[in-house]
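Have a look at the structure below, then the notes.
All heavy atoms count here, side chains included; hydrogens, waters and symmetry mates do not.
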Amino acid sequence: LLKILSLITLSIFKLSSYISMEQVIQPEITPMPRIGDKAPEFKAVTTQGEIDFPKQYKGSWVILFSHPADFTPVCTSEFMTFASMSKEFKDYNCELVGLSVDGLYSHIAWLRTIKEKIEYKGMKDVEVKFPLIEDITMEVAKKYGMIQPGESNTKAVRAVFFIDPKGIIRTILYYPLSCGRNFDELLRTLIALQTADEFSIATPADWRPGDEVIVPTAGSCGVAKERMEDKKNMKCYDWFFCTKKLTKTEIESKIKNRKK
């Protein structure tokens, strides 16, 4: 009987030890940020010096985006395009911040190569002036869910986070390693977000500045009836789906070149 009890005790000890080890080696799981969340905070070294994110960007929109690696063709085409369009984003009070898990000196060498050697689609002598974060430890990439194990354990996917002047995440886009981003769409999304905020409207499919916008759905039978009868100020496809005109000039006068 004593022998049996000893064996049972030993088995329990081994099991508890195994469970303890499992708990020790269990990888830390960081929940991915979501639309409407506050942007996770971090301090980092970049090609433009240290940054305190998003604190130092308070009052501005920010696009935080990741790329898989320096000295790769898709990323090079993306950085040249973003740098060439940076003034367009700046006109809408938007700063750009890039990230990859490469080191600072790799970043610097790559950006010098882009400026001095690469000509692509009419773009040449392109100088990347926005910060590119060094993230060798993957600390920032993990905070933002940029490491997708199904795609790669060692490279960040092409993630894009739109963060508003209050530090709130407003849009999240993810692209695989093989698919370059559409930068016209990124600018369109930025303008659409700001237009919706400024005019309290929504934007329909394929909306471009100057197209009709969607007005909030009627909240009562009376308002729904008025809208269906209003042929002057808006166009109603049914009581819940009405649009109105909003010119590009009206939009730009409110959101373009606006100071912090």
Quiz prompt | Within one Ile-Leu-Val-Met-Phe-Trp-Tyr cluster: Val62 and Val128, side-chain cutoff 4.5 Å | solution = no
Quiz item: Do side-chain atoms of Asp211 reach the backbone of Leu246 as a donor and acceptor pair under 3.5 angstrom?
Solution: no
Practice problem: Mind jotting down which residue pairs meet the ring-ring contact (aromatic ring centres under 6.0 Å, His included) criterion with at least one end in residues 111-137? Sequence neighbours excluded, please. | Solution: Phe65-Phe130, Phe79-Phe130
Quiz item: Are Arg34 and Ile169 side-chain neighbours, meaning at least one heavy-atom pair lies under 4.5 Å?
Solution: no
Quiz item: With a 4.0 Å cut-off, would you call Lys254 and Glu250 a salt bridge?
Solution: no
Quiz item: How many angstroms lie between CG in Asp230 and SG in Cys236, if you round to the nearest 0.5 Å?
Solution: 7.5 Å
Practice problem: Examine Phe71 and Ile118 and state if one hydrophobic cluster contains both, with Ile, Leu, Val, Met, Phe, Trp and Tyr joined whenever side-chain heavy atoms are less than 4.5 Å apart. | Solution: yes
Exercise. Check Asp70 against Ser100 and note the closest heavy-atom contact, atom names and distance.
Key: OD1-OG, 3.6 Å
Quiz item: In Å, rounded to the nearest 0.5 Å, how long is the span from CG of Leu186 to CD of Glu88?
Solution: 11.5 Å
Quiz item: Do Leu193 and Ile214 belong together in a cluster built from hydrophobic side chains that touch within less than 4.5 Å?
Solution: no
Self-check item: Check: Leu99 main-chain N/O paired with His67 side-chain donor or acceptor under 3.5 Å
Solution: yes
Exercise. Using the six-membered ring wherever Trp is involved, compare the ring planes of Phe82 and Phe183 and label them parallel, tilted or perpendicular (cut-offs 30° and 60°).
Key: perpendicular
Practice problem: Sequence neighbours left out, what passes salt bridge (charged side-chain N to carboxylate O under 4.0 Å, His left out) with Glu50? Give chain and number order. | Solution: none
Quiz prompt | Side-chain donor/acceptor of Arg181 to backbone N/O of Ala159, under 3.5 Å | solution = yes
Quiz prompt | Closest non-hydrogen atom pair between Ala83 and Ser86, with its separation | solution = O-OG, 2.9 Å
Practice problem: To the nearest 0.5 angstrom, please state how far the NZ atom of Lys256 sits from the NZ atom of Lys90. | Solution: 15.0 Å
Self-check item: Qualifying side chain to side chain donor-acceptor pair (under 3.5 Å) pairs with a residue from residues 235-244, counting only residues at least two apart or across chains
Solution: Glu212-Thr243
Quiz prompt | Step-by-step side-chain contact (heavy atoms from CB on, under 4.5 Å) determination, Val97 to Tyr57 | solution = CA-CA 10 Å; Val97 179; Tyr57 294 96; 3.6 Å; yes
Quiz item: Of the non-hydrogen atoms in Gln56 and Ile51, which two are nearest, and what is the gap between them?
Solution: OE1-CA, 3.1 Å
Practice problem: Linking directly or through intermediates, with side-chain heavy atoms under 4.5 Å: list the remaining ILVMFWY members grouped with Val101, chain and number order. | Solution: Met138, Ile147
Quiz item: What residue pairs, at least two apart or across chains, pass salt bridge (charged side-chain N to carboxylate O under 4.0 Å, His left out) with a residue in residues 98-113?
Solution: Arg112-Glu116
Quiz item: Is Pro165 close to Ser60 at the side-chain level, that is, under 4.5 Å between some pair of heavy atoms?
Solution: no
Quiz prompt | Closest approach of Phe89 to Leu190 (non-hydrogen atoms, all atoms of both residues) | solution = CD2-CD2, 3.9 Å
Quiz item: Would Lys143 and Glu41 pass as an ion pair if we require N to O under 4.0 Å?
Solution: no
Quiz item: Of all heavy-atom pairs between Pro209 and Ile251, which one has the smallest distance, and what is that distance?
Solution: CA-CD1, 4.2 Å
Quiz item: If you measure from NZ on Lys117 to OG1 on Thr76, what distance do you get to the nearest 0.5 Å?
Solution: 12.5 Å
Quiz prompt | Interatomic distance, Phe53 atom CZ to Leu64 atom CG [nearest 0.5 angstrom] | solution = 4.5 Å
Quiz item: Excluding sequence neighbours, so at least two apart, what forms salt bridge (charged side-chain N to carboxylate O under 4.0 Å, His left out) with Arg208?
Solution: none
Exercise. Using the side chain to side chain donor-acceptor pair (under 3.5 Å) rule, collect all pairs that involve residues 189-205, keeping only residues at least two apart or in two chains.
Key: Arg170-Asp197, Glu185-Thr189, Glu198-Arg258
Self-check item: Gap between atom CE of Met80 and atom CG of Asp125 - 0.5 Å precision
Solution: 9.0 Å
Self-check item: Residue pairs, two or more places apart or on separate chains, that pass ring-ring contact (aromatic ring centres under 6.0 Å, His included) and touch residues 150-178
Solution: Tyr144-Phe161
Quiz item: According to the side chain to side chain donor-acceptor pair (under 3.5 Å) rule, which pairs have a member within residues 129-138, sequence neighbours left out?
Solution: none
Practice problem: Apply salt bridge (charged side-chain N to carboxylate O under 4.0 Å, His left out) to Lys87 and list each qualifying residue two or more places apart in sequence or on a separate chain. | Solution: Asp91
Quiz item: Is there a donor-acceptor pair under 3.5 Å between the side chain of Asp52 and the backbone N or O of Lys55?
Solution: no
Practice problem: Taking the side chain as every heavy atom from C-beta outward, state whether Cys75 and Pro68 have any atom pair closer than 4.5 Å. | Solution: yes
Self-check item: Under the salt bridge (charged side-chain N to carboxylate O under 4.0 Å, His left out) test, residues paired with Asp184 that sit two or more places apart
Solution: none
Quiz item: Are the side chain of Thr247 and the backbone of Gly210 linked by a donor-acceptor contact shorter than 3.5 Å?
Solution: no
Self-check item: Listed once per pair and sorted, the salt bridge (charged side-chain N to carboxylate O under 4.0 Å, His left out) pairs that draw on residues 151-161, sequence neighbours left out
Solution: Glu78-Arg158
Exercise. Kindly say whether Val157 contributes a backbone atom to a donor-acceptor pair with the side chain of Ser66 at under 3.5 angstrom?
Key: yes
Practice problem: Indicate, with yes or no, if Val45 and Val140 share a hydrophobic cluster defined by side-chain heavy-atom contacts under 4.5 Å among Ile, Leu, Val, Met, Phe, Trp and Tyr. | Solution: no
Quiz prompt | Over all atoms of both residues, closest heavy-atom pair of Arg227 and Ala218 | solution = NH1-N, 3.3 Å
Quiz item: Honestly curious: do Ile168 and Val160 fall in one hydrophobic cluster under the side-chain, below-4.5 Å linking rule?
Solution: no
